[in-house]
Amino acid sequence: MPTSLIQPEFRVEIDYNKCHKCGRCVQQCGWGVYSFNERPYPDDSKCRACHRCVTYCPAHCITIKKNDLALRDNANWSPELRKNVWRQAESGGVMLTGMGNDKPYLKIFDHLVLDACQVTNPSIDPLREPMELRTYLGRKPDSVEVEANGEGGYRLKPGSGVENNVKLDTPLIFAPMSYGSVSLNVHKSLAMAAERLGILMNTGEGGLHADLYPYGNNVIVQVASGRFGVSPEYLNRGAAIEIKIGQGAKPGIGGHLPGEKINKEVSTTRMIPQGTDAISPAPHHDIYSIEDLRQLIYSLKEASGYKPVGVKIAAVHNVGAIASGVVRAGADYVYLDGFTGGTGAAPAIIRDHVGIPIEIAIAVVDQRLREEGIRNQASIIAAGSIRSSADMAKAIALGADVVAIGSATLMALGCHLCQGCHTGCCSWGLTTQKPELTRRLDPEWGAERLTNLVHAWSHELQEILGALGVNAVESLRGSRERLRAVGLDKQTCDILGVKPAGL
């Protein structure tokens with residue numbers, strides 16, 4: 001009997017007439033695809049199409065092709081579903097995966113377009129006029145008082161209630177990715193870039209490595225159900241604190257970092273034994289009500305000198321009411337993580353079928369908080385596959401204050417979306433703790449690429465604002481009149497609060 005019915009997903013082809021037989025492909029592959037005997041020989045079954053070998057091959061003689069098996073057509077049983085049945089019949093286990101949902105669901109951002117100014121409301125040239133992208137993360141008072149600044153302008157009076165807000169030079173932060181799920185050099189790249197950009201990176205649930213202490217003013221420290229790495233020093237190192245309740249890629253379940261990724265440094269940072277699986281339970285065992293959440297929020301504020309405390313929740317049904325409770329419990333911001341958000345590891349069945357789109361969650365939460373008159377009491381951070389500056393602008397127009405990007409940052413660092421993060425074999429040195437792989441990422445090189453990415457998106461956001469005839473990102477927030485829907489049904493338009501194109 002065959003050991004497996006599953007054929008390789010990809011075919012690795014080498015043009016041996018061009019091959020230098022240098023063995024570079026053998027060295028670069030983190031998946032053990034190649035063996036070498038006078039020339040490289042690929043094992044197709046191990047290839048994840050990460051393209052590390054293709055990128056570094058000096059002869060450009062490697063081609064990776066999708067292995068399209070001639071399976072009999074069946075509209076009900078796709079090849080992927082058949083392969084999954086075979087995999088589970090062989091393993092008897094839950095199928096794990098990494099990164100975000102890859103199913104062809106409707107992407108609402110792609111069915112929204114932005115309005116533009118013409119004659120009566122002229123556009124603004126962002127190359128010649130100042131465009132304000134600065135925003136502030138945290139609770140705002142119901143009203144403020146101003147006083148003359150002595151230079152012909154005005155400033156907020158001391159004690160106006162915004163002292164604890166965190167300033168962001170552009171309405172974007174780096175999403176939570178824990179040390180352990182990603183390498184230390186990824187965290188260093190994110191921290192260095194955040195400092196240069198005047199924004200924030202987020203530790204995720206993995207604690208804060210001592211090498212990142214100097215970047216504390218640009219770091220959100222996360223408190224998840226596992227309490228990994230949480231100590232008074234940890235809480236006081238960050239600019240803000242985040243309680244993680246849920247994650248968009250796997251709402252309703254906890255986190256799991258395999259023991260193979262818990263080396264000595266991860267163990268020290270997370271304050272857990274080396275080599276053992278790190279399990280974050282699905283619920284916080286001290287939070288079973290809004291009152292419990294309120295106690296934790298104010299305990300963290302008390303312990304940290306009243307730094308802003310946010311709460312991260314997954315986008316799920318009734319998210320408006322959930323967010324309202326979170327804000328009334330005292331959170332300074334609500335982090336909404338949508339259906340297509342990324343992850344280091346999740347059961348594929350959860351990632352692909354549980355949750356709701358981030359676009360819906362933003363609109364519903366913003367509307368609910370406005371109706372209850374508490375919108376000023378918390379900022380909204382939106383995440384879950386923000387892929388471009390256009391997605392960023394549309395998220396802000398739907399009601400977000402800030403967006404968070406995770407998958408895009410990893411792609412800027414080399415990720416090719418091979419979705420094998422959970423294996424720890426990342427050839428690009430991103431989602432691995434193997435020293436021979438992690439050293440492939442130079443933090444300085446990574447920080448420069450991340451800085452370039454955010455600068456580019458910020459310039460594009462300024463172009464969009466100019467086309468809309470506004471000169472500050474604050475003017476775009478929640479301005480759904482500037483959006484129009486193309487190809488969305490009436491009910492979805494009503495929920496989003498967006499008119500169809502042409503009206």
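What you see is a predicted model, and the numbers here were worked out from it, not measured in a lab.
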*What residues, two or more places apart in sequence or in another chain, satisfy salt bridge (Lys or Arg N to Asp or Glu O under 4.0 Å) together with D292?*
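Per chain and number, D292 pairs via salt bridge (Lys or Arg N to Asp or Glu O under 4.0 Å) with no residue.
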_My understanding is that only residues two or more places apart in sequence, or in another chain, count here; which of them pass salt bridge (Lys or Arg N to Asp or Glu O under 4.0 Å) with K103?_
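K103 satisfies salt bridge (Lys or Arg N to Asp or Glu O under 4.0 Å) with E80, D352 only.
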*Could you check L112, V364, D366 and say which one makes a side-chain contact (heavy atoms from CB on, under 4.5 Å) with L398?*
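Only one of L112, V364, D366 forms a side-chain contact (heavy atoms from CB on, under 4.5 Å) with L398, namely L112.
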Can you tell me how far apart [atom1] ([X]) and [atom2] ([Y]) are? Round to the nearest 0.5 Å.
X: N202; Y: L190; atom1: CG; atom2: CG; value: 10.0 Å
X: I243; Y: S225; atom1: CD1; atom2: OG; value: 12.0 Å
X: M271; Y: S231; atom1: CE; atom2: OG; value: 5.0 Å
X: Y34; Y: K46; atom1: OH; atom2: NZ; value: 12.5 Å
X: Q28; Y: S427; atom1: CD; atom2: OG; value: 8.0 Å
X: I287; Y: L296; atom1: CD1; atom2: CG; value: 4.5 Å

*Going by the salt bridge (charged side-chain N to carboxylate O under 4.0 Å, His left out) test, name the single residue among K188, R449, R196 that passes it with E444.*
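It is R196; the other options fail the test.
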Side chain proximity check, [X] to [Y], heavy atoms < 4.5 angstrom:
X: I349; Y: M95; answer: no
X: V402; Y: S379; answer: no
X: L197; Y: D169; answer: no
X: L212; Y: M201; answer: yes

Pairs where [range] contributes a residue and the test ring-ring contact (aromatic ring centres under 6.0 Å, His included) is met, not counting sequence neighbours:
range: residues 302-337; result: none
range: residues 237-295; result: none
range: residues 194-242; result: Y179-H209
range: residues 374-424; result: H51-H416, H416-W428

Is a side-chain donor or acceptor of [X] paired with a backbone partner of [Y] at a separation under 3.5 angstrom?
X: D337; Y: G248; answer: yes
X: Q222; Y: T203; answer: no
X: R368; Y: S324; answer: no
X: R237; Y: L208; answer: no
X: K394; Y: F109; answer: yes
X: K140; Y: G138; answer: yes
X: R375; Y: A378; answer: yes
X: D401; Y: I380; answer: yes
X: E242; Y: A224; answer: no
X: S267; Y: I272; answer: yes

*Verify side-chain contact (heavy atoms from CB on, under 4.5 Å) between I108 and L106, making sure each step is shown before the conclusion.*
CA-CA 6 Å; I108 294 176; L106 174 72; 4.3 Å; yes
Using the salt bridge (charged side-chain N to carboxylate O under 4.0 Å, His left out) rule, collect all pairs that involve [range], keeping only residues at least two apart or in two chains.
range: residues 259-272; value: none
range: residues 381-393; value: D110-R387, R387-D391
range: residues 412-436; value: none

Shortest non-hydrogen contact between [X] and [Y], atoms and distance:
X: V144; Y: P141; answer: CG1-CG, 3.4 Å
X: A412; Y: L453; answer: CB-CD2, 4.1 Å
X: A395; Y: V403; answer: CB-CG1, 3.8 Å
X: W31; Y: C50; answer: NE1-SG, 3.7 Å
X: G342; Y: A249; answer: O-CB, 3.6 Å
X: G384; Y: I358; answer: O-CG2, 3.7 Å

*Could you go through the salt bridge (Lys or Arg N to Asp or Glu O under 4.0 Å) check for D332 and K301 one step at a time?*
CA-CA 10 Å; D332 296 280; K301 288 187 176 185; 3.1 Å; yes
*Test side-chain contact (heavy atoms from CB on, under 4.5 Å) on L133 and L465 and set out the steps.*
CA-CA 10 Å; L133 296 186; L465 293 176; 3.7 Å; yes
Modelled atom types, side-chain donor and acceptor of [X] and [Y], under 3.5 Å:
X: T97; Y: R351; result: yes
X: S280; Y: K244; result: no
X: R87; Y: N84; result: yes

*Verdict with supporting geometry, E291 and S289, side chain to side chain donor-acceptor pair (under 3.5 Å)*: CA-CA 5 Å; E291 289 75 19; S289 67; 3.3 Å; yes
*Of all residues at least two apart in sequence or in a different chain, which pass the side-chain contact (heavy atoms from CB on, under 4.5 Å) check with S475?*
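Counting only residues at least two positions away or on another chain, S475 forms a side-chain contact (heavy atoms from CB on, under 4.5 Å) with V470, A472.
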*Where do L172 and I405 land on the side-chain contact (heavy atoms from CB on, under 4.5 Å) test, with the steps shown first?*
CA-CA 8 Å; L172 182 150; I405 58 171; 4.0 Å; yes
*Could you check I64 against C53 for side-chain contact (heavy atoms from CB on, under 4.5 Å), going step by step and ending with a plain yes or no?*
CA-CA 10 Å; I64 297 175; C53 59; 4.1 Å; yes
_Residue list, side-chain hydrogen bond (donor to acceptor under 3.5 Å, both in side chains) with T135, at least two apart or on another chain_ =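 side-chain hydrogen bond (donor to acceptor under 3.5 Å, both in side chains) list for T135, sorted by chain: E474.
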*Identify, with sequence neighbours excluded, every residue that meets side-chain hydrogen bond (donor to acceptor under 3.5 Å, both in side chains) alongside S458.*
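Here the qualifying residues are T170.
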*Audit row: E359, R480, salt bridge (Lys or Arg N to Asp or Glu O under 4.0 Å) steps and yes/no*: CA-CA 12 Å; E359 300 93 328; R480 301 179 208 178; over 6 Å; no
